[in-house]
Amino acid sequence: MAIRLAKRDEDYAEAHEINVTPFIDVMLVLLIIFMVAAPLATVDVPVNLPSASAQPPPRPDKPIFVTFKADHSLAVGDETVTRADLAAALDALTGADRTQRVLLRADQALSYGEVMELMNLLRNAGYEKVALVALEMRSGP
């Protein structure tokens, strides 16, 4: 009888292995839930903003345009300039007043990197108030 009990004890010995299959299933379900829920969490909150009574800043009488054409040529105002002469041409138009706003018109065929190189040239020349010019999108007939 004692032999039989000993055999049963060996049959029911503890298993030291962990079954990870249910754990993996739960983790995959959580991953899918978070992948679906993450984009929904970044939705803008709708808010009804009040209108502002402040007047927009006045437009300059003669804006300073820097034009960057598709053929990589530059123009300050109506005059074509080289990259080396860009700072001098801007100083001549502004009277060396580097606080004036420079309006940058760049052809849409140019890459983002090329436009950023030109903006860095303007910044290195001391002109930090650079605005990009684009066409207005008009809706309706």
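- Enclosure of atom CG in Asp71 by more than 12 non-hydrogen atoms of other residues, nucleotides or ligands within 6.0 angstrom is indicated.
- The OH atom of Tyr127 sits 14.5 Å away from the CG atom of Leu104 when rounded to the nearest 0.5 Å.
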Acceptor/donor pairs from residues 28-38 side chains to any protein atom, 3.5 angstrom cut, sequence neighbours excluded:
none

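- Once rounded to the nearest 0.5 Å, the distance linking NE2 of His72 with CD of Glu117 reads 8.5 Å.
- For the residue pair Asp97 / Thr94, no side-chain donor-acceptor distance below 3.5 Å is found, with atom types taken as modelled.
- Between Ile64 and Gln100 the shortest heavy-atom distance is CD1-OE1, 3.0 Å.
- The backbone N or O of Ala125 lies less than 3.5 Å from a partner atom in the side chain of Arg98, making a donor-acceptor pair.
- Atom-to-atom distance recorded for Thr99:OG1 and Glu128:CD is 11.0 Å, nearest 0.5 angstrom.
- Heavy-atom neighbours of Glu114 CD from other residues, nucleotides or ligands within 6.0 Å: above the threshold of 12.
- In this structure, Pro63 and Leu103 approach most closely via the heavy-atom pair CB-CD1, 3.6 Å.
- We find the CZ-NZ distance between Arg123 and Lys129 to be 15.0 Å, quoted to the nearest 0.5 Å.
- Interatomic distance, Leu118 CG to Leu110 CG, rounded to the nearest 0.5 Å: 9.0 Å.
- Between atom CG of residue Asp85 and atom OG1 of residue Thr80 there is a gap of 11.5 Å, rounded to the nearest 0.5 Å.
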